[in-house]
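Data block below; observations after.
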Protein chains: 2
Amino acid sequence: MRKIDPEKHAARRQVILDAAIACFARKGFHGTSTAEICAEAGMSPGNLFHYFPTKHAIIAAIVEEERQETADFFRELHEAPDLFAALLGFMDAAMGLAADPVYSSLALEIAAEAMRDERIGALVAANDAEMRAALSALIRAAHARGQIDTAIDPEAGARWIAALIDGIFGRIAVDPGFKPDQEGATMHLLLTRFLRPPRDAASASSDAAEIG
Amino acid sequence: MRKIDPEKHAARRQVILDAAIACFARKGFHGTSTAEICAEAGMSPGNLFHYFPTKHAIIAAIVEEERQETADFFRELHEAPDLFAALLGFMDAAMGLAADPVYSSLALEIAAEAMRDERIGALVAANDAEMRAALSALIRAAHARGQIDTAIDPEAGARWIAALIDGIFGRIAVDPGFKPDQEGATMHLLLTRFLRPPRDAASASSDAAEIG
DNA sequence: TAATTATTAGATTGACTACTCTAACAAATA
DNA sequence: TATTTGTTAGAGTAGTCAATCTAATAATTA
């Protein structure tokens, strides 16, 4: 008998995923036919459906791939001496990804699909929760080292940092004048003012008073 | 002969638009068939296509409707005595809209469609440019009154405020724990620290130094 | 009232959809 | 070598899609 070669199998799956990513970024999930993915991947529908049972399974695999990549990125982040600087580095990396039109189109498409299809929604929500958990852990560690203002609640801070990342992708989608490589300075200023510990106790408490 | 009654005509169009909004929010633009819109609107396809030549024209009309509403909102904003407070009010209103699942689904769907269809993309970009122009004008006026830090460039500031709004909708899409009515305080803190004039000149310049 | 035209219904069309089926081919084991 | 089984192709299926067409009806004006 013959056994399945896991490496070859995975490589073949990846060919399909890469083709699907290109198509979904170009025309969206529902705007792409399985025939188009077949053409991009250079294979027959019989072959494609040998590796994925449904079109839905393809986008689910893409979301899972995404999760892996984000998790890998965070694994290295905690070793940095200055955690606030590490956070800025993470945000710069997010800007770099957003600058890639394929990546940003895909991210937006997945977010939209998450609202329509609750199976995708659950996967995306899990990814997001994982990222926010890493971010709030980073904030907590930075609190201990005095690198981020303890007035910032770790969970709330993580949420708004995540919102800012979502916002970057939103800008790419609707604002052709938003150039990631020129917007880094303002983003750093925003994050610095939002998160950095105040120089003296008085100014921190007066900020808090203003938001009442 | 018989002339077209503009009021009746507009009302009938609105029935279709409202039905389409409900459908698009539920299942997305490409996930919704014209037959579904007909069912929701309670009319035949012949009738629907009497008022809109294509399905695309329907979503285009929805985007235009959106533009009107945003413009109306900004018209009143400039008369406020405290422009920073007015901005916070605007952001609170955005959070209120985002809390409506129909509105937020639709906004995300339109953003995703803007990346796929350049005709929609152009409409959405025009809306966004209009909103950012209003925001930067508000920042400039606030500069003159000392209500917003002059270290914030009006255009860059407007871009990142817009990014924050996009981010709110992103949170709604992927983070079920994001409750708009509980996140206002952190948002106000972020905006206050980002935009408010510093209490003394020294701290403003030291912020600037940190982002180098 | 007669003529005109806006409005509406609903069956229909041809293209397209995700996916299946059958069968051939290729590789690896016994 | 013989056999098993993973891999591939491509025609085919049942159904859906946006949009059209024909024709009937309702409202307005002359």
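Lettering follows sequence order; numbering is per chain, from 1.
OP1 or OP2 of C/dT8 sits under 4.0 Å from a side-chain N or O of B/Arg12. Side-chain N/O atoms of A/Tyr51 include one lying less than 4.0 angstrom from OP1 or OP2 on D/dT8. Considering only side-chain N and O atoms, B/His50 lies nowhere under 4.0 angstrom from the phosphate OP1 or OP2 of C/dA9. OP1 or OP2 of C/dT7 has not a single side-chain nitrogen or oxygen of B/Asn47 nearer than 4.0 Å.
For the pair A/Ser105 (side chain) and A/Val102 (backbone), a donor-acceptor distance under 3.5 Å is absent. Not a single donor-acceptor pair under 3.5 Å links the side chain of A/Lys179 to the backbone N or O of A/Ala99. Side-chain atoms of A/Asp149 never come within 3.5 Å of backbone atoms of A/Ile152 as a donor-acceptor pair (strictly under, hydrogens ignored).
Counting any heavy atom pair closer than 4.0 Å across all strands shown, B/Phe52 reaches no nucleic acid atom.
Rounded to an integer number of Å, the gap from B/Glu7 CD to D/dA27 P is 17 Å. Rounded to a whole Å, the CG atom of A/Leu48 is 12 Å from the C1' atom of D/dT8. Rounded to whole angstrom, the span from the CD1 atom of B/Ile37 across to the C1' atom of C/dG10 amounts to 18 Å. Rounded to whole Å, atom C1' of C/dA6 lies 10 Å from atom NE2 of B/His9. Atom P of nucleotide C/dA26 and atom NZ of A/Lys8 are separated by 12 Å, given to the nearest angstrom. Distance B/Ile16 CD1 to C/dT7 C1': 11 Å, rounded to the nearest Å.
B/Phe49 pairs by the ring pair (Phe, Tyr, Trp, His ring centres under 6.0 Å) definition with nothing, not counting sequence neighbours. Taking B/Glu40 as the reference, B/Arg26 meet the salt bridge (Lys or Arg N to Asp or Glu O under 4.0 Å) condition, with sequence neighbours excluded.
Under a 4.0 Å N-O distance rule, the pair B/Glu36/B/Lys27 qualifies as a salt bridge.
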Protein-nucleotides 17-23 of chain D N/O pairs closer than 3.5 Å?
{"from": "D/dA18", "atom 1": "OP1", "to": "B/Thr32", "atom 2": "O", "distance (Å)": "3.1"}
{"from": "D/dA18", "atom 1": "OP1", "to": "B/Thr34", "atom 2": "N", "distance (Å)": "3.4"}
{"from": "D/dA18", "atom 1": "OP1", "to": "B/Lys55", "atom 2": "NZ", "distance (Å)": "2.7"}
{"from": "D/dA18", "atom 1": "OP2", "to": "B/Thr34", "atom 2": "N", "distance (Å)": "2.6"}
{"from": "D/dA18", "atom 1": "OP2", "to": "B/Thr34", "atom 2": "OG1", "distance (Å)": "3.1"}
{"from": "D/dA19", "atom 1": "OP2", "to": "B/Lys55", "atom 2": "N", "distance (Å)": "2.7"}

